[in-house]
Amino acid sequence: MTVPVINWHMLMPELVIVLTFVIVMVFDLFKSIRKSVLAWVTIVGSAIALWASVEMLHAGVIGNEFNGMLRVDRFSMFFNIIFLVSTILVTLISINYLDRNDKRQGEYYVLILLATLGMMLMASGNELIVVFLGLELMSLSLYVLAGYFRSIQVSSEAGMKYLLLGAFASGFFLYGIALIYGGAGTTSIPEIASELEAGGKSPLMLAGMFLLIVGFGFKVALVPFHQWAPDVYEGAPTPIAAFISAGPKAAGFAAFLRIFTGALESLQPEWIVVVVILAALTMTVGNVIATAQSNIKRMLAYSSVAHAGYVLVGLAAANKDGISSAMLYLFIYCVMNIGAFAAVILARTEDGENLRIADYAGLGFRKPLLALFMTIMLLSLAGFPPTAGFVGKFYVFRSAVDAGHTWLVVVAAINTAISAFYYLRVVVTMYMKEPEEELDFHAYPSLLVFALLLVTIGVVLIGVLPSYFLAPAQISTQFF
Amino acid sequence: MLLSAVIFLPLIGAIIIALTRTIVNASAIKGIALAIALLTFIVSLSLYTGFDETTHFMQFKVQNSWIPELGISYQLGIDGISLWLVLLTTFLTPICVLAAWGSIDKGASGFMISLLMLETGMLGVFCALDLFLFFVFWESMLIPMYLLIGVWGGTRRIYATVKFVLYTMAGSALMLVGILYLYFQNDNSFDLLTLYDKAGTLPHQRLLFLAFFVAFAIKVPLFPFHTWLPDAHVEAPTVGSVILAGVLLKMGTYGILRFCIPLFPEGTVAFTPLISTLAVVGIIYGALVAMVQPDLKKLVAYSSVSHLGFVVLGLFALNSQGVQGGIIQMVNHGLSTGALFLLVGMIYERRHTRMIADFGGLAKCMPIFATIFLIVTLSSIGLPGLNGFVGEFMILLGSFISGAFSKVYAVFAATGVILAAVYMLWMFQRVMFGKLDKPENQSLKDLNLREIIVLLPILLFIVWIGVYPKPFLSRIEKSVNHVLKQHTKAMAAIGESQNAVVVDAGLKGERE
């Protein structure tokens with residue numbers, strides 16, 4: 001076997017992240033360096049990687065590195081952008097949060113960077129084993145992060161629950177890979193595709209496909225594999241809950257898209273049926289249960305389950321538009337969901353976070369800026385124009401109608417109306433109810449406000465001028 | 001450009017208020033809002049003067065590309081159907097700002113921002129010629145209205161506002177699917193004007209008709225979708241009720257005329273008997289329920305259900321008289337019911353009650369109030385010489401001549417006119433006449449100058465439309481006739497294609 005020639009410049013974003021994570025780890029050893037410096041290193045490193053990804057997306061570079069194990073193309077760059085934007089935003093909202101709660105910060109940022117690297121590998125993995133490695137790198141980092149506040153019981157519980165169920169899901173995923181390897185004799189995505197086309201569908205491949213769907217279903221929290229989500233979101237540190245709901249979900253879908261529209265394209269008629277059913281179930285169950293939540297983090301957890309369902313509606317279309325609409329939706333969803341969690345972090349008093357929705361009563365007049373941020377995020381999540389959420393949903397629905405899934409869009413549209421109920425309930429509480437007790441809300445930490453301002457501008461900008469984001473999503477769907 | 005200016009001036013005003021709200025005091029904020037609203041009205045007057053009444057084409061057109069990737073354009077235009085609704089909106093908003101002057105003390109800036117954003121949304125709905133743009137405006141006007149009722153409303157405001165939003169969203173969810181379906185039928189474009197040309201060939205007409213119609217029927221509201229309306233009206237602040245009755249409900253009837261009738265002729269014809277029946281039921285039911293209301297505001301709210309029933313009946317007469325009457329009646333209802341809500345609001349501010357039983361003999365201590373109230377009451381009943389008569393007469397005439405069976409609708413609907421006289425005059429008698437025996441009422445002050453200024457412009461139009469409706473009707477006529485022509489043309493196209501199928505089958509049969 002010869003040593004492959006590697007074009008290192010093709011792996012710019014990944015390399016920058018690796019370098020950043022090494023720097024953060026080394027810096028952490030020095031007591032004299034303030035911990036917030038580590039956060040800024042993380043942000044700068046991610047920003048450079050983000051810039052590289054944007055440049056590579058525009059240039060349209062294509063490469064197969066490490067003997068074709070990694071595929072660098074617009075698709076992976078688009079997802080890199082989603083991951084890196086999420087990482088930057090989450091780091092921004094973490095700084096004040098950690099200062100208040102905990103002193104150990106070095107490994108926190110290291111783990112976030114490692115998880116980001118794992119996601120990037122998932123998006124560009126051209127090999128089932130590489131995808132699995134990325135998935136594990138991401139998941140293991142997240143298990144630790146979810147249980148990061150060891151001394152707090154709910155946090156430990158969240159970490160434990162996430163670990164157990166996540167390991168279970170990884171097992172399914174690995175078993176699926178094994179079966180597909182058994183059927184096709186290879187784990188390379190393009191080769192599986194050609195094997196399938198030549199050899200036809202075997203029961204082994206179908207079984208492998210279903211197991212992969214189950215594995216993915218756990219990772220991105222589709223109904224009926226979603227039960228871990230609310231507990232983990234509730235217990236995990238809030239910035240980590242935001243992170244879990246954003247990047248990893250996008251990474252799961254990235255790998256799903258690569259594998260299912262790449263390797264298993266010939267099985268499309270089979271998996272589309274499953275995706276359509278899962279989409280309808282996920283949206284409906286997620287939204288209906290979310291209406292009954294009184295804790296805002298749990299409500300956002302169920303809402304994020306429901307949003308995975310909307311992404312599936314785009315996937316069900318399974319054509320070029322469907323895939324690019326799902327990608328755009330993931331981008332928009334990540335931004336606005338992190339924004340919503342950031343608003344939750346912002347709404348805190350001396351005793352800690354206020355997670356009961358009832359605690360927000362009267363916030364609209366006492367903290368107008370915070371309430372405004374929160375309202376815009378919630379309206380975007382509910383899909384009201386002129387916000388990003390509306391554009392995302394609209395494009396997804398349009399693609400699905402185009403592909404002939406009209407009834408699925410009817411279900412999705414009704415779900416949108418249901419979701420408005422619980423998102424608006426928070427707005428009702430903030431603006432229309434009198435507070436039961438006077439809560440002494442904190443002053444605004446400037447970094448959080450800055451992050452929220454960025455997100456708000458983004459959400460409105462995408463809502464009013466979506467072309468700048470739509471066009472990249474549309475050209476990023478060609479991957480073979 | 002002119003239309004864009006009219007639509008977005010209020011939004012700019014809202015932004016100005018949002019930016020300056022911390023540095024200026026409440027009355028300055030109200031002043032800015034009033035100035036912006038008046039400016040918008042003055043600018044919109046040039047729509048009236050520049051309007052060409054000899055054509056049915058869309059005027060003041062604006063066309064820019066917006067999201068070309070998805071075939072979405074920023075396309076605006078008005079014709080005779082939308083002209084009066086646009087003017088009604090710009091006319092009522094400054095009145096509303098002025099009416100809210102004394103009554104809104106909590107969060108005046110938020111109130112004015114919501115009101116101005118609402119105006120932008122409503123104007124956009126009436127001017128949009130791109131289905132996507134229409135939907136954006138249609139949905140975006142929900143949030144300000146939601147806040148107006150929910151923050152500044154009465155005791156059960158949260159229930160009322162959530163009900164209002166959920167009803168509307170449930171309706172518009174299906175409309176969105178319908179819009180997407182039409183988009184693909186229209187060669188991946190949301191352009192309404194090109195869609196009109198394809199109206200006769202659209203498949204699934206009845207389903208599409210329903211997808212749009214239910215959204216509009218909830219908004220109108222047509223019986224039996226009306227239950228959100230009394231709640232919303234009763235809980236809304238006065239200004240909210242005025243906007244709701246004056247403009248928001250018209251978005252439903254406007255949508256029917258702009259989309260349902262010209263785009264889905266087959267669906268329209270198929271559902272006309274059902275809808276006309278529901279409209280007549282709404283007329284009589286609304287009137288009967290209004291009659292027994294002890295609460296003034298609720299009485300006016302139910303009278304809205306009855307009046308809007310007339311509008312829908314007129315539209316589905318599908319002839320020139322009925323449809324024109326429907327449009328005039330939309331404007332009339334906006335003026336009369338808007339004025340009624342303002343009057344009820346004024347007496348509520350003085351007495352903090354709206355119960356008819358708490359009043360009596362007010363004419364003695366508030367003569368100006370009583371006089372204006374009487375004129376508006378008579379206008380609402382449809383007294384000849386005032387605006388209500390013109391609309392109702394044309395609707396009944398249109399309905400009477402539109403077909404053999406529709407005479408029955410006209411007959412039953414006419415009882416609504418009588419019932420209206422019963423509940424309105426009875427209410428007037430109980431509130432204004434009789435003995436001024438309650439001590440709280442004896443010291444009530446008559447209307448002040450601000451309140452008279454609020455009401456006078458409305459009175460002017462009530463008399464003007466009643467005495468000389470020609471300038472109004474002449475601008476409507478061409479556009480209405482065009483819509484009806486579109487409708488019959490599309491019907492003919494459907495007939496031909498069905499005949500062609502029959503002929504095809506016949507030829508096949510001959511060959512065999």
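In the text below, chain A, chain B and the rest are named by the order of the sequence lines, each starting its count at 1. From a predicted model like this one, the values you see are computed outputs, not experimental measurements. Just so you know, these numbers use all the heavy atoms, side chains as well, and skip hydrogens, waters and symmetry mates.
- Checked against the 6.0 Å centroid threshold, Tyr183(B) and Phe397(A) do not count as a close aromatic pair.
- Inter-residue side-chain proximity for Phe394(A) and Ile67(B) is flagged as unmet; no heavy-atom pair is nearer than 4.5 Å.
- With sequence neighbours left out, His233(B) forms a ring-ring contact (aromatic ring centres under 6.0 Å, His included) with Phe341(B).
- Atom CD of Glu139(B) is separated from atom CG of Leu379(A) by 11.0 Å, given to the nearest 0.5 angstrom.
- Checking side-chain atoms of Trp66(B) against main-chain N and O of Pro466(A) turns up no donor-acceptor pair under 3.5 Å.
- Proximity to chain A is limited to the side chain of Thr161(B), based on heavy atoms less than 4.5 angstrom apart.
- The distance from atom CG of Leu176(B) to atom CD1 of Ile414(A), rounded to the nearest 0.5 Å, is 12.0 Å.
- Highest contact tally toward chain B, considering only Tyr431(A), Tyr395(A), Phe390(A), is held by Phe390(A) [criterion: heavy-atom pairs under 4.5 Å].
- A donor-acceptor pair is defined here as one N or O able to donate and one able to accept, closer than 3.5 Å; no such pair exists between the side chain of Arg425(A) and the backbone of Val162(B).
- The environment of Met117(B) atom CE is sparse: at most 12 non-hydrogen atoms of other residues, nucleotides or ligands sit within 6.0 angstrom.
- With a threshold of 4.5 angstrom between heavy atoms, Val391(A) does not approach chain B through any atom at all.
- Considering OG1 of Thr429(A) and CD1 of Ile158(B), their distance stands at 7.5 Å, rounded to 0.5 Å.
- Pairing each heavy atom of Ala173(B) with each of Ala413(A), the nearest pair is CB-O, 3.4 Å.
- Here the rule is side-chain contact (heavy atoms from CB on, under 4.5 Å) with Pro385(A), and of Leu142(B), Leu133(B), Val136(B) only Val136(B) fits it.
- Side chains of Ile418(A) and Leu166(B) form no contact here, defined as non-hydrogen atoms less than 4.5 Å apart.
- Taking the side chain as every heavy atom from C-beta outward, Tyr146(B) and Met432(A) approach each other to under 4.5 Å.
- Annotation: side chain to side chain contact (heavy atoms under 4.5 Å, CB included) contacts of Lys163(B) (sequence neighbours excluded): Tyr159(B), Tyr167(B), Thr227(B), Trp228(B), Asp231(B).
- The line from CE of Met169(B) to CZ of Phe384(A) is 4.0 Å long, rounded to the nearest 0.5 Å.
- Within the model, atoms CG of Leu147(B) and OG1 of Thr375(A) stand 7.5 Å from one another, a figure rounded to the nearest 0.5 Å.
- Within the model, atoms CG of Asp402(A) and CZ of Phe184(B) stand 3.5 Å from one another, a figure rounded to the nearest 0.5 Å.
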